[in-house]
Every structure is written in C-alpha cells, then in structure tokens.
Undergrad: 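I am attaching a structure below and will ask some questions about it afterwards.
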2 protein chains.
Amino acid sequence: MVARGRPRTFDPDIALRTALDLFWERGYEGTSLNDLAQAMGIASASIYACFGSKEDLFRKVMALYGTTSGEPPRRALREQPTARAAIHAMLRATADEITRPDTPHYCMLILVAPTGAVENHAVREFLADRRRDMYTTIKDRLARGVADGDLTASPADLDAIARYYTTVVQGLSVQARDGATRAELEAVITCAMAAWDTLTSPATQ
Amino acid sequence: MVARGRPRTFDPDIALRTALDLFWERGYEGTSLNDLAQAMGIASASIYACFGSKEDLFRKVMALYGTTSGEPPRRALREQPTARAAIHAMLRATADEITRPDTPHYCMLILVAPTGAVENHAVREFLADRRRDMYTTIKDRLARGVADGDLTASPADLDAIARYYTTVVQGLSVQARDGATRAELEAVITCAMAAWDTLTSPATQ
DNA sequence: CGGTTTGTTTGTCGTTCGATAAACAAAGGA
DNA sequence: TCCTTTGTTTATCGAACGACAAACAAACCG
C-alpha cells in the first residue's frame with residue numbers, strides 16, 4: 001500500500017484526541033462542527049473527508065475513549081484475584097479517572113448525551129448500549145468469582161449485585177460532575193463495599 | 001387588581017405543564033422554541049410575553065417539577081419515623097417516579113442537562129445546585145435520626161452516608177433511562193440498603 | 001513532464017436557532 | 001365611542017447549524 005496523492009497535513013490520531021476533549025467537555029449536541037474544526041485546526045470539509053459525519057466522528061471518539069479512560073476500570077476487573085477485590089478496585093479506578101485534574105470530572109459515556117433532540121436518538125442508544133455493556137462486564141466478572149470459588153451467589157444475586165455496582169459507578173459520575181472530591185468519592189465507595197459481605201453471605205438477607 | 005386589556009386565551013399552568021413534558025423528554029438544548037410553541041399551541045412570541053426567555057421558562061418548569069415529581073421522595077424522607085425507613089422509602093419513591101408509564105424513565109433534574117454548550121453554563125449550574133440540595137436534604141434527615149435516637153453516627157459518617165445514598169439515587173436514574181424495570185431497581189435498592197446496618201453499627205468498618 | 005490521485009480550502013447550500021418588532025385583536029375605563 | 005392596555009399573530013432578524021460541491025494544492029506514476 002503505497003502513499004498516493006497529496007499526503008495529509010494533520011495527524012488523524014491527534015485530531016481525534018482533540019475532538020474527544022471537546023465532545024467530553026460540551027457533550028454531543030453542545031459541540032458544533034465549527035467548534036471541532038477550529039479546535040482540530042482543519043476545515044469542516046476535512047473532517048468529513050477523514051472521519052465522515054459528526055456522528056461517525058463521535059463514534060470513533062467513543063472507541064478511543066473506551067481504550068483510554070475506560071481501560072483502568074476494566075483492567076481492575078480483569079486483573080484482581082477475587083470478585084470482591086475486582087469490584088472494589090474497579091470503583092476506585094473509576095473515581096481516579098473522573099477526578100483527574102486534566103479532564104472533565106465525569107464519565108463521558110454516561111453524561112455527554114443521556115437526553116437530547118429527536119434526531120440524535122441513534123447516538124443516545126449507541127451510548128446506552130455501551131452502558132449496558134458495563135453491566136454485562138461486571139456481571140461476567142462476578143460469575144468468574146463464582147467459578148473461581150471466591151464468591152457464593154445465585155444467578156439472580158449476580159444480576160442484582162452487578163446492577164447495583166453499575167448503578168454506583170453511574171451515580172459517582174454525577175457526584176463528580178457536581179464537584180465531589182476524590183476523597184468524598186472514596187467515602188461513597190467504602191459505603192458501597194459495606195454491602196458486599198451482607199449481599200454475598202447466604203445467611204442474611 | 002382588575003383584569004385589563006385582552007385576556008389570555010391559553011392557560012399558563014397547562015402550557016407550563018406541556019413545556020415540562022417536552023423538556024423532560026428532549027433535554028434543555030434538545031428542545032427548541034419551535035417545538036415548545038407547537039406543543040403549547042401558541043406562537044413563540046407569546047412564550048416570551050408570558051414566561052420570558054427559554055431559560056426563564058425552563059426555571060419555571062423545574063420549579064413545577066420539584067413540586068410534582070420531586071414531592072413523593074421528599075415526603076418519604078419527611079414522614080417516615082426512622083432514618084433507615086426514610087432512606088428506604090425515599091429510594092422506593094424515586095424508583096416509582098422514574099418508571100411511571102406516562103413519563104420519561106429518568107429524573108429530569110439529573111439527566112436533562114448534565115453537559116452542553118458553553119452558553120448554557122448557567123442552566124447546568126442551576127441544576128447542579130438543586131442536585132446538591134438533594135444531598136443536603138438527605139443529610140438533614142440523617143441528622144434528625146441522630147437527634148431522634150434511631151441512628152448512631154458521627155458527623156463524618158453522616159456526610160458519607162448521605163453522599164452514598166445520593167449517589168444511588170442518581171445512578172438509579174441512569175439505570176431507568178437505559179431500560180431497567182421497576183423490579184430491577186427494587187433489587188438495586190435492596191442491595192443499597194444492605195449496607196445500612198454495617199454503616200450504622202460503630203463496631204464494624 | 002503531464003496525468004492521476006488524494007487532501008485542503010473556499011464558499012455556500014437550505015434549515016433552524018433564540019429572539020423581537022410591528023401589526024392586529026379584544027378587553028376595560030372614561 | 002374612543003382611548004388605553006394587554007395579548008396574539010405574522011414576519012423577520014442575524015447567527016449558527018450540519019453538510020457538501022467545486023476549485024485549488026501537493027504528492028506519486030510513467
């Protein structure tokens with residue numbers, strides 16, 4: 001595959017990262033193509049040529065977001081030895097990510113387009129699908145804990161516990177958006193983990 | 001105060017309720033004045049004459065929302081005899097409200113404008129202020145439990161517990177938005193309340 | 001070199017945005 | 001009745017929206 005024609009004068013990776021930062025700060029509908037073109041340092045027609053429509057660009061942005069900011073929580077789930085440690089580390093990694101000083105204080109997946117104009121329905125459902133993936137990923141990790149023998153729970157318990165911790169993750173994002181500090185989020189996580197032993201001991205509840 | 005001039009041909013209360021429904025469904029930026037005028041059955045100029053700007057209208061809408069959908073959770077906090085029962089009933093009232101068949105499945109306060117264009121910063125902060133009021137209201141109810149003798153907790157505990165249950169409320173809204181059923185929310189609430197005894201017994205933690 | 005391919009710039013498409021001025025309509029007061 | 005007051009309709013403002021066509025620029029190929 002030899003390079004043909006005029007080479008690109010901008011780096012698509014850098015431009016995509018710039019677009020990510022702007023969508024992250026202003027939301028999907030709050031970011032215009034003019035905003036994007038200006039921040040990316042190119043004309044809007046170049047955005048269309050390289051990335052397709054605004055919606056296409058946004059989907060590529062969310063893929064990048066998943067492999068960058070989304071990775072630490074996922075890694076925590078994957079690498080911790082027990083289900084309990086995995087959930088706890090995932091919550092703390094999430095809190096770390098949404099209180100970084102150099103980025104907006106919330107999860108992009110959760111808050112850039114929960115509602116909006118009728119014509120952007122597809123974008124909202126795309127994001128909702130990925131949020132539902134969060135739930136599935138957490139549930140799968142709990143199931144692994146059952147298989148590994150470090151967690152005793154029925155399938156119905158797994159559903160409830162997975163949805164519960166997904167709810168906490170999503171609530172944390174609103175808290176950080178409204179100014180909660182890392183320490184305050186840590187206190188919330190401590191509370192959330194206090195439920196664990198009760199939830200996973202068959203005697204109580 | 002006698003009626004002077006041409007009387008209004010529409011009912012401002014009904015028009016406000018119609019505006020509420022539209023803002024609720026499409027978010028603040030996703031709802032245009034054209035959408036509003038059409039749904040309210042009047043010209044956009046009549047909206048300006050009666051309610052002021054789009055932002056003024058939205059603030060009036062949120063006041064109405066607070067006294068309607070916002071009331072059941074607040075009443076639960078107020079009327080239940082103990083702090084524990086109050087928190088539990090508040091969570092269930094919230095779940096009831098955000099899964100009603102006739103309205104969108106989320107809390108308007110939380111999801112109609114968490115992010116957006118720079119020029120709507122004031123609207124977002126207005127909503128954030130009211131969300132922070134949620135936290136304060138919950139904390140005040142916990143403090144009343146301490147005063148009533150049905151709850152033993154330090155001031156730092158009150159902060160953490162109040163923020164924790166605020167986080168759960170806000171997470172529930174995202175869950176309902178993404179399609180969680182009332183029964184699934186109930187399971188999440190059961191998990192969230194499982195933390196209560198651990199959090200409020202001085203021995204553990 | 002000319003020809004082809006690809007990227008970028010410029011300009012503009014039709015639409016919609018929030019907001020308002022001007023014209024018209026319907027009530028009370030004198 | 002005519003004036004004043006208030007509400008509504010109509011038309012439109014300038015700006016911004018997402019999207020794209022056409023013209024121009026810079027690389028490789030033969």
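Residue numbers start from 1 in every chain, and the chains themselves are labelled A, B, ... in the order their sequence lines are given, proteins ahead of strands. Values reported hereafter were calculated over all heavy atoms of this structure, with side chains retained and with hydrogens, waters and symmetry mates removed.
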Undergrad: Output the residues of residues 11-32 of chain A in contact with DNA chain D, where contact means a heavy atom of the residue under 4.0 Å from an atom of the strand; sort by number or write none.
TA: A/T31, A/S32
Undergrad: Scan residues 52-59 of chain B against DNA chain D and write down, sorted by residue number, each residue with any heavy atom closer than 4.0 Å; if none is found, say none.
TA: none
Undergrad: Does the side chain of A/Q175 pick up a donor-acceptor pair with the side chain of B/R163 at under 3.5 Å?
TA: yes
Undergrad: Can a donor-acceptor pair be found, under 3.5 Å and without considering hydrogens, that links the side chain of A/Y165 to the backbone of A/H88?
TA: no
Undergrad: Only counting residues at least two apart or in another chain, list the ones meeting ring pair (Phe, Tyr, Trp, His ring centres under 6.0 Å) with B/Y135.
TA: none
Undergrad: Take atom CZ of B/F51 and atom C1' of C/dT20, then tell me their distance rounded to the nearest Å.
TA: 18 Å
Undergrad: With a cut-off of less than 4.0 Å, is there a side-chain N or O of A/Y48 near OP1 or OP2 of D/dA19?
TA: yes
Undergrad: Apply side-chain contact (heavy atoms from CB on, under 4.5 Å) to B/D148 and list each qualifying residue two or more places apart in sequence or on a separate chain.
TA: B/R144, B/D150
Undergrad: Let me have the donor-acceptor pairs involving side chains of residues 48-60 of chain A, under 3.5 Å, with sequence neighbours excluded, atom names and distances please.
TA:
from	atom 1	to	atom 2	distance (Å)
A/S53	OG	A/E55	N	3.4
A/S53	OG	A/D56	N	3.2
A/S53	OG	A/D56	OD2	3.3
A/K54	NZ	A/Y28	O	3.1
A/K54	NZ	A/T31	O	2.8
A/E55	OE2	A/R59	NE	3.3
A/E55	OE2	A/R59	NH2	2.8
A/D56	OD2	A/S53	N	3.2
A/K60	NZ	A/F51	O	3.4

Undergrad: Once salt bridge (charged side-chain N to carboxylate O under 4.0 Å, His left out) is applied, do any residues pair with B/R124, and if so which ones, sequence neighbours excluded?
TA: none
Undergrad: With salt bridge (charged side-chain N to carboxylate O under 4.0 Å, His left out) as the rule and sequence neighbours excluded, what pairs involving residues 38-53 of chain A come up?
TA: none
Undergrad: For the pair made of CD in A/E119 and C1' in D/dA19, what is the distance, rounded to whole Å?
TA: 14 Å
Undergrad: Can you run down the salt bridge (charged side-chain N to carboxylate O under 4.0 Å, His left out) pairs that involve residues 99-118 of chain A, sequence neighbours left out, and say none if there aren't any?
TA: A/R100-A/D102
Undergrad: Is B/N34 near enough to C/dC17 that one of its side-chain N or O atoms lies under 4.0 angstrom from OP1 or OP2?
TA: yes
Undergrad: Using the side chain to side chain donor-acceptor pair (under 3.5 Å) rule, collect all pairs that involve residues 7-20 of chain B, keeping only residues at least two apart or in two chains.
TA: B/R17-B/D21
Undergrad: Rounded to whole angstrom units, what separation is found between the CD1 atom of A/I47 and the C1' atom of D/dA19?
TA: 11 Å
Undergrad: Could you pull out all residues at least two apart from A/D133 that satisfy salt bridge (charged side-chain N to carboxylate O under 4.0 Å, His left out)?
TA: none
Undergrad: For each nucleotide in nucleotides 3-15 of chain D, reading 5' to 3', give B when a protein heavy atom comes within less than 4.0 Å of its base, S when such contact involves only the sugar-phosphate, and - otherwise.
TA: --BBBSBB-----
Undergrad: Does anything in residues 23-32 of chain A pair up under salt bridge (charged side-chain N to carboxylate O under 4.0 Å, His left out), and if so which pairs, sequence neighbours excluded?
TA: A/R26-A/D35
Undergrad: How many Å lie between CG on A/L36 and C1' on D/dC17, as a whole number?
TA: 12 Å
Undergrad: Can you tell me the distance, in whole Å, between the CG atom of A/L33 and the P atom of D/dG18?
TA: 5 Å
